[in-house]
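All residue numbers in this chain count up from 1 along the given sequence. Note: hydrogens, waters and symmetry copies are ignored here, and every other heavy atom, side chains too, is used.
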Amino acid sequence: MPVSAPSDRRFRRAHVTPARKRRWFALSWWKAGRAAVLVALLLCVGYRVTRDVLNAEVLTITRITVSGNSRLSKGEVVSLLDGIRSSNMLTVDIESWRQKLLASPWVADAAIRRVLPGTVNVVISERQPMGIGRVNDDLYLIDDRGGIIDQYGPNYAEFDLPVIDGLAAAPRDNGLLVDEARAAFAARVLTALQARPALARRVSEIDVSDVRDAVLILKGDTALVRVGSEQFAERLQSYLDLAPALRERVAAIDYVDLRFDERVYVRPAQGRAGPVGPARRGGN
């Protein structure tokens with residue numbers, strides 16, 4: 001009599017093929033090895049190409065051109081870039097060399113551009129002196145922003161610039177020589193006067209001790225001309241227009257105050273200030 005027995009699923013493992021799994025691992029290791037060799041070859045080729053490119057003569061800096069310089073000579077600019085020659089154009093740190101140029105007191109801004117083959121082009125923007133600042137008995141060239149360019153000496157004798165008083169900063173921990181607010185005020189006065197060159201050439205000294213009242217001294221004239229904090233050129237022109245009449249009435253003038261729209265106040269030397277009639281605003 002036949003006897004039925006439940007089938008045991010464990011007996012179905014005969015259908016599994018372990019050999020296929022072992023072959024898959026073998027195939028994976030073979031692919032990995034081939035990929036490693038390929039990567040090594042690519043790295044080797046890449047290294048050689050990179051080395052050849054970096055050592056290419058066309059990319060080696062051998063020439064420096066300079067433009068935009070006036071006060072600084074080409075040699076002085078090139079000396080600030082000492083060490084950039086023989087560098088590779090692709091790897092040279094242009095910004096760090098630019099900062100070395102900006103360290104020069106005469107350089108307001110600078111640009112360095114790569115130009116093939118083997119050339120860097122340097123474009124300089126120089127600071128423009130507008131006055132000679134007198135600070136603690138020393139003289140300094142002052143630019144159009146009121147900043148110190150360099151100490152004034154015989155090497156700058158060609159500059160015919162007004163002397164600026166009242167710039168000295170109060171003693172502070174930051175060690176600044178020049179008060180920033182007064183320097184900015186002096187720059188405003190100088191900029192306004194430079195718009196009228198004929199007037200600017202007449203000015204010998206400027207005092208900015210009071211940032212609300214610039215005081216001018218003209219060449220060949222001992223009178224102090226107070227022009228306030230605005231309309232510097234217009235008020236100075238008014239004084240020049242009125243000067244002959246003022247001299248007829250007051251022979252020796254201590255100062256002339258032009259800060260008020262309709263009246264000019266004149267203080268005679270060794271005397272008291274008083275109004276001298278309406279100020280007619282003249283101009284060039």
Side-chain angles (χ1 to χ4, degrees), residues 50 53-136 138-164 167-169 172-191 193-195 197 200:
T50 302
V53 168
L54 293 180
N55 293 329
E57 184 176 351
V58 71
L59 294 178
T60 301
I61 298 174
T62 58
R63 184 167 175 260
I64 302 173
T65 64
V66 180
S67 61
N69 58 309
S70 176
R71 182 65 201 178
L72 289 174
S73 67
K74 177 181 177 181
E76 289 173 315
V77 175
V78 171
S79 67
L80 295 172
L81 299 175
D82 184 35
I84 197 174
R85 292 184 189 271
S86 300
S87 300
N88 184 272
M89 298 183 67
L90 298 181
T91 59
V92 65
D93 188 350
I94 290 295
E95 182 58 27
S96 67
W97 289 106
R98 178 176 173 273
Q99 292 301 321
K100 290 184 179 182
L101 290 174
L102 294 178
S104 169
W106 278 98
V107 177
D109 199 3
I112 303 177
R113 300 183 180 90
R114 302 174 176 91
V115 181
L116 291 174
T119 301
V120 289
N121 180 24
V122 180
V123 181
I124 296 293
S125 175
E126 293 183 339
R127 298 167 71 183
Q128 299 300 318
M130 295 189 70
I132 301 171
R134 182 155 42 203
V135 182
N136 301 328
D138 292 320
L139 299 177
Y140 299 91
L141 283 177
I142 304 298
D143 68 6
D144 55 355
R145 296 182 179 180
I148 291 177
I149 298 177
D150 198 3
Q151 189 161 8
Y152 181 78
N155 52 324
Y156 296 132
E158 73 272 21
F159 291 116
D160 183 17
L161 301 171
V163 175
I164 307 172
L167 290 173
R172 298 174 183 171
D173 294 335
N174 55 20
L176 290 177
L177 287 176
V178 172
D179 182 270
E180 294 179 348
R182 295 177 184 177
F185 184 47
R188 285 179 52 212
V189 176
L190 291 169
T191 300
L193 295 177
Q194 288 294 335

Report task. Just do the side chain to side chain contact (heavy atoms under 4.5 Å, CB included) check on Leu81 and Leu101 with the steps written out, would you? Result -> CA-CA 7 Å; Leu81 299 175; Leu101 290 174; 3.9 Å; yes
Requested in this report: Could you go through the side chain to side chain contact (heavy atoms under 4.5 Å, CB included) check for Leu167 and Ile142 one step at a time?
Outcome: CA-CA 10 Å; Leu167 290 173; Ile142 304 298; 4.2 Å; yes
Requested in this report: Could you check Leu59 against Leu116 for side chain to side chain contact (heavy atoms under 4.5 Å, CB included), going step by step and ending with a plain yes or no?
Outcome: CA-CA 7 Å; Leu59 294 178; Leu116 291 174; 3.6 Å; yes
Query - Derivation and outcome, side chain to side chain contact (heavy atoms under 4.5 Å, CB included), residues Leu161 and Leu141 - result: CA-CA 9 Å; Leu161 301 171; Leu141 283 177; 4.1 Å; yes
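Looking at residues two or more places apart in sequence or on another chain, you find no side-chain hydrogen bond (donor to acceptor under 3.5 Å, both in side chains) involving Gln128. Taking the salt bridge (Lys or Arg N to Asp or Glu O under 4.0 Å) definition, one finds that Arg145 meets it with nothing, sequence neighbours left out.
Nearest heavy atoms, Ala157 versus Tyr152: CA-OH, 3.8 Å. Taking each heavy atom of Asp82 and Trp97 in turn, the nearest pair found is O-CH2, 3.2 Å. Heavy atoms only, all atoms of each residue included: Lys100 and Leu80 are closest at CB-O, 4.0 Å. The shortest non-hydrogen separation linking Ala200 to Leu193 is CB-O, 3.5 Å. Taking each heavy atom of Trp106 and Tyr156 in turn, the nearest pair found is NE1-OH, 3.1 Å.
For the atom pair NZ (Lys74) and OG1 (Thr65), the distance works out to 7.0 Å, reported to the nearest 0.5 Å. How far CD1 of Ile149 is from CD of Glu126: 9.5 Å, rounded to the nearest 0.5 Å. For the atom pair CZ of Arg71 and CD of Glu76, the computed distance is 8.5 Å after rounding to the nearest 0.5 Å. Note that the CD1 atom of Ile124 and the CD1 atom of Ile112 stand 7.5 Å from one another [nearest 0.5 Å]. With values rounded to the nearest 0.5 angstrom, Ile164 atom CD1 is found 8.5 Å from Met130 atom CE. Rounded to the nearest 0.5 angstrom, Thr62 OG1 and Ile84 CD1 are separated by 11.5 Å.
Tyr140 places none of its side-chain heavy atoms less than 4.5 Å from the side chain of Val178. Put simply, the side chain of Ile64 does not reach to within 4.5 Å of the side chain of Thr119, judged on heavy atoms. Using a 4.5 Å heavy-atom cutoff, the side chains of Val77 and Val107 are not in contact.
Using a cut-off of 4.0 Å between Lys/Arg side-chain N and Asp/Glu carboxylate O, Asp93 and Arg98 are scored as not salt-bridged.
Between the Arg127 side chain and the Ile148 main chain, a donor and an acceptor come within less than 3.5 Å of each other. Remark: the backbone N or O of Asp138 is not paired with any side-chain donor or acceptor of Gln151 at under 3.5 angstrom. Not one N or O on the side chain of Thr191 forms a donor-acceptor pair closer than 3.5 Å with the backbone of Val189.
Residue Arg114 places its CZ atom among more than 12 non-hydrogen atoms of other residues, nucleotides or ligands, all under 6.0 Å distant.
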